[in-house]
Amino acid sequence: MTQTSAAAFRIHPIPAEALDTVRAGGVDALGSPAEHITAEGGEPLRCCLRDARPGDRLLLFGHQPPLPASPYREIGAVLAHAETCAGPADVTRYPPDWRGRPQVLRAYDERGRIHDATTVHDGQNPEKVIAALLAEPDVVQIHSRNVAWGCYMFTITRPG
C-alpha cells in the first residue's frame, strides 16, 4: 500500500471541546439527549478515529461538522467514547482501522459549498484520492463520510 508523506494532509476528529460538551451536558447539537450504548464492536468512533471494541461504552449523538454557514451545513449522528479517550494516535495518516473501507470524500470550498471534486473511493490508497482532492485550488476541506449511512467520519485539511 502506498502512502503519501506524513505532511500531505491533516485529519481532524470531532474536537475535544465539542465532545466534552456532549459528555458533560448529555445533549447534542440539536439539544436532543445523547444516547448511551454498549458497543458490539466495529462501530466507527469519531473521537479516536478507530473502531469500537465489544463492550466499549459509547455515546450516539447529533454532531455538526465544521463548515461556514451555508445550505450544505448539516447535523448527523456520530458515535464516540462515553468517557474521555486519548484521541487519534496520528492525525497525519489515514486512520488504520478504516483503511479498506469505502468512503465518500466530500470536498468543500471556503464558502462551505460542495466542490465538484467530491468523490467516492473504494478504501484502497485513500492518500492518493485525498492528495488529488487537495490539489484542487478551491478545496479547503474534505469530509470523509460513510458510504451506506452517509455519516460524518472526520475532516481532512492541508497541513499548517
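The shown structure was predicted, so the numbers you read here are calculated from the model rather than taken from an experiment.
Contact of the His143 side chain with the Pro66 side chain is registered, since non-hydrogen atoms from C-beta on lie closer than 4.5 Å. You'll find the side chain of Leu79 reaches within 4.5 Å of the side chain of Ile37, heavy atoms only. At a threshold of 4.5 Å between non-hydrogen side-chain atoms, the residues Leu59 and Glu35 do not count as touching. The side-chain heavy atoms of Leu134 and Ile142, taken from C-beta on, include a pair separated by under 4.5 Å. Using a 4.5 Å heavy-atom cutoff, the side chains of Pro13 and Cys47 are not in contact. Between Thr157 and His12 the shortest side-chain heavy-atom distance falls below 4.5 Å. His81 has its side chain within reach of Cys48: a pair of non-hydrogen atoms, C-beta onward, lies under 4.5 Å apart. For the pair Leu133 and Thr119, the minimum side-chain heavy-atom distance is below 4.5 Å.
At least one donor-acceptor pair under 3.5 Å links the side chain of Arg73 to the backbone N or O of Leu67. Although no hydrogens or angles enter the test, the distance criterion places a donor-acceptor pair under 3.5 Å between the side chain of Asp28 and the main chain of Gly62. Side-chain N or O atoms of Ser70 include one that pairs as donor or acceptor with a backbone N or O of Gly112 at under 3.5 Å.
A salt bridge does not link Asp138 with Arg113: every distance from a Lys NZ or Arg NE/NH1/NH2 to an Asp or Glu carboxylate oxygen is 4.0 Å or more. Salt bridge status for Arg145 with Glu74: present, with a side-chain N to carboxylate O gap under 4.0 Å. Classification of Glu83 and Arg23 as a salt-bridged pair fails, no side-chain N sitting under 4.0 Å from a carboxylate O. Ionic pairing of Glu127 and Arg99 is present here: one or more N-O contacts between side-chain nitrogen and carboxylate oxygen are shorter than 4.0 angstrom.
The same ILVMFWY cluster, assembled from side-chain heavy atoms under 4.5 Å apart, contains both Ile130 and Val139. Under a hydrophobic-cluster definition in which Ile, Leu, Val, Met, Phe, Trp and Tyr are linked whenever side-chain heavy atoms come within less than 4.5 Å, directly or via other members, Val78 and Met153 are assigned to different clusters. Follow the hydrophobic side-chain contacts under 4.5 Å out from Leu45 and you reach Leu60 in the same cluster. Note: the hydrophobic cluster containing Phe9 also contains Leu105 (ILVMFWY, side chain heavy atoms under 4.5 Å, direct or indirect links). Side-chain heavy atoms closer than 4.5 Å link hydrophobic residues (I, L, V, M, F, W, Y) into clusters, and following such links, even through other members, never connects Tyr152 to Ile11.
Smallest separation of non-hydrogen atoms from Ala39 and Ala52: CB-CB, 3.7 Å. The two residues Pro126 and Gly123 make their nearest non-hydrogen contact at CD-O, 3.7 Å. Closest approach of Thr38 and Gly55 over heavy atoms only: CG2-CA, 3.7 Å. Across all their heavy atoms, Arg101 and His121 have their closest contact at O-CE1, 4.2 Å.
For His115 and Tyr108, the ring centers are positioned 6.0 Å apart or more.
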Inset, instruction - Apply side-chain hydrogen bond (donor to acceptor under 3.5 Å, both in side chains) to the pair Gln103 and Ser144, showing each step before the final yes or no. - result: CA-CA 6 Å; Gln103 293 286 288; Ser144 181; 2.8 Å; yes
Legend entry - Audit row: Leu49, Tyr94, side-chain contact (heavy atoms from CB on, under 4.5 Å) steps and yes/no: CA-CA 9 Å; Leu49 305 181; Tyr94 195 83; over 6 Å; no
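In this structure, Phe154 and Trp98 have parallel ring planes: the angle between them is below the 30° cut-off, well short of the 60° mark.
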